[in-house]
Amino acid sequence: MASSVETAIRAFIVENFLFGDESYKLTGETSLIDNDLIDSTGILELVTFLEERFSIRIADADIVPANLDSIARIDAFVNAKLGESAAA
Amino acid sequence: MCGIAGYCGQGVDPEEAEALLHRMTGAIAHRGPDDAGIHVGKNAGLGHRRLSVVGIADGHQPMASVDGGLCISFNGEIFNHIELRKALAAKGHVFKTTSDTEVILHLYQEIGADCVTQLNGDFAFALWDAPRRRMMLARDRMGVRPLFHSWHQGTFYFASEVKALLTVPGITAEIDPIALDQIFTLWAPIAPRTMFKGIAELPPAHLMLVEGGQTTIRPYWKLEFPDRGDLGTTRPQEDIAAELRDLLEDATRIRLRADVPVGSYLSGELDSSLISALAAPLVPAGLRTFSVTFDGAEYDEGPFQRMMAEHLGTRHSAVACHADDIAESFPQVVRHMERPVLRTAPAPLYLLANLVREQGFKVVLTGEGADEIFAGYDLFREARLRRFCARQPTSSIRPTLFRKLYPYLPGLAQQTPAYLAAFFDVEPEALGDPLYSHHPRMRNTAAAKMFFSAELRETLGAYDAAEELAAGLPEAFSRWDPLHQAQYIETSFLLPGYILSSQGDRVAMASGVEGRFPFLDHRLVEFAARIPPNMKLNGLREKHILKKAAKDLVPASIIARDKQPYRAPESQSFLGSQAPSYVSECLSPAAIRQAGLFNAPLVEKLVQKGQRRPMAGFRDNAAFVGILSTQLWVDSFARKPASGHLKQTAA
């Protein structure tokens with residue numbers, strides 16, 4: 001069962017990088033870079049979306065493929081961030 | 001500079017021949033507003049529209065030899081016609097005109113089809129050899145002047161532009177889907193392929209003989225580089241820079257030969273500044289310069305243009321290009337280019353040529369070509385940097401240099417090394433790929449294919465444009481230095497396929513303006529190819545040797561400025577509240593479905609995304625401009641294709 005975070009991330013990617021193409025096989029592990037779904041401007045769009053949607057701050061050093069290159073990675077990253085702010 | 005058209009074969013009724021030739025040349029009247037002529041022979045015809053530049057009073061075309069055996073229709077200029085004429089006269093040839101056209105006739109009589117090897121110029125011509133019943137077509141080395149041809153029912157037709165061929169009964173505009181795929185990968189079709197199925201382009205530096213219903217096509221010149229490690233020369237840099245300057249000066253001098261005044265484009269960059277500086281002292285009446293300016297500092301180079309014009313004391317005129325000018329002119333621009341494009345950059349050049357014409361000029365020098373032959377493009381620096389990173393793929397420092405490479409791309413400034421390395425494909429495994437230098441560009445461009453319709457995808461199947469490009473590379477390519485490999489691809493492919501056509505001949509000739517390109521003088525091209533790679537791209541400093549050669553001619557502030565690639569506002573030109581109505585009509589789901597090339601719901605989302613906020617990314621902008629220009633192309637040339645047309649036309 002997808003979390004609400006994951007659902008929101010998926011919806012953003014489908015709308016902005018796939019232009020609503022629901023037929024695209026976008027799994028949690030699909031690499032956004034290797035499949036040319038995202039370019040350098042797209043990363044910034046993604047970061048802006050995550051900051052606004054989840055009220056988190058993403059440090060420059062966190063903008064790396066290890067955190068943001070698939071829905072699963074973004075989901076884990078955002079949840080960790082939300083956990084940090086809840087704990088703070 | 002002119003437009004040519006004609007045919008050979010038995011398919012044209014002699015009674016219809018004149019009307020056909022008038023129709024064909026009428027379609028390209030913009031190329032030659034000063035004069036028109038036709039010649040009808042037995043089973044062959046030539047037509048001509050003339051822009052009078054050399055031999056104004058006696059250069060009427062088509063032009064026949066004294067004995068009437070040869071007849072030529074010629075578009076272009078032979079810059080060394082004076083030297084050739086002298087040499088031919090010494091051999092006893094008697095000239096009846098002062099035009100460069102007649103020189104080709106005599107040279108052909110002297111040495112036959114190989115006469116093209118003697119020509120220094122920008123040309124496309126057709127020469128009918130009546131005694132041999134042979135039509136010869138030829139095109140200049142770099143691909144400045146266009147030439148298209150097609151067979152229809154056993155008869156061979158040719159013309160400067162496709163629109164002239166489309167006036168031939170039975171020749172119709174049908175899209176070649178492979179060409180569209182090539183444009184959406186490489187920015188241009190791979191010659192001889194064109195956007196029009198069944199209509200081919202004669203590749204640059206090739207000649208074609210049509211005889212007895214058979215054609216032979218062969219290259220008469222090739223761009224070649226020394227093997228990797230062969231420095232070619234041990235001469236000091238200063239010597240090479242001096243020779244470069246002498247050659248460029250001569251290339252500029254012979255390109256000022258004309259019976260009408262010659263002006264110069266001034267972009268504010270080193271290349272056109274240098275050409276203008278070399279030309280200025282050779283124009284006693286004072287050099288006229290022309291440029292285009294933009295509203296935003298992101299694109300505008302006006303201050304540098306004015307600085308250079310003041311430095312040289314030229315009388316300068318600029319046309320201001322606003323976003324709505326791009327949108328207003330774009331349908332006309334597509335009609336002239338006859339192919340879709342992924343950028344709007346041709347539109348401002350169309351407006352610039354219009355300004356030149358309004359100011360009473362029909363010939364201009366430009367700085368085009370320097371970035372290819374002296375390694376000025378960012379792509380060359382990017383490729384070198386990618387190789388540097390690939391040698392140490394775990395380095396987190398090396399990829400940060402990419403930010404320096406593209407200071408004008410805001411998206412890159414904030415990226416971490418890990419993302420930079422991913423975007424620029426620095427994987428060491430790819431180093432051996434012949435197209436390594438072009439990977440990021442091809443990849444970013446091809447991402448726009450996500451908007452292709454299911455029908456188009458099915459038609460294309462597993463076709464790979466990059467594979468076709470790689471398969472056509474010369475055998476020696478693998479032995480060249482990586483910089484030379486990248487230069488070869490740019491010079492022999494993108495230069496003729498996009499820069500000299502969509503941004504060059506087609507938009508200038510729309511206003512009857514002829515561009516002349518001193519950097520593309522083949523003597524200079526050959527000389528530059530032999531200059532060691534590090535003298536061209538010194539570390540990451542582009543055009544190093546050219547800057548040395550320019551140092552007493554161009555102000556230091558222009559030589560030292562960061563390179564600003566020529567760009568124009570892209571999708572935002574078409575998405576404001578003032579956008580012309582054709583934009584929404586062309587991109588409407590109904591129009592997209594009717595053309596059948598793109599996925600209508602996805603295109604709708606793309607348009608909405610651009611309406612919400614200006615598109616910043618390359619992929620989105622390239623897709624938008626590519627889709628719009630393709631729709632305009634369909635509208636102009638291939639209206640209302642039948643359902644399922646793609647399957648029928650699959651190559």
Can you name the residues of residues 612-626 of chain B that have some heavy atom under 4.5 Å away from a heavy atom in chain A?
B:Arg612, B:Ala616, B:Gly617, B:Phe618, B:Arg619, B:Asp620
For the pair B:Met450 and A:Asp21, evaluate side-chain contact (heavy atoms from CB on, under 4.5 Å) and give the outcome as yes or no after the intermediate values.
CA-CA 9 Å; B:Met450 68 175 293; A:Asp21 184 0; 5.5 Å; no
Here the gap from B:Tyr419 atom OH to A:Ile38 atom CD1, rounded to the nearest 0.5 Å, amounts to 6.0 Å
Ordered numerically, the heavy-atom neighbours of chain B under 4.5 Å found in residues 11-20 of chain A are A:Glu15, A:Asn16, A:Phe17, A:Leu18, A:Phe19, A:Gly20
Which of residues 61-69 of chain A get closer than 4.5 angstrom to chain B, counting heavy atoms alone?
A:Ala61, A:Ile63, A:Val64, A:Pro65, A:Leu68, A:Asp69
Just to be sure I understand the criterion: a residue of residues 422-446 of chain B counts if one of its heavy atoms is under 4.5 Å from a heavy atom of chain A. Which ones qualify?
B:Ala422, B:Phe423, B:Arg443
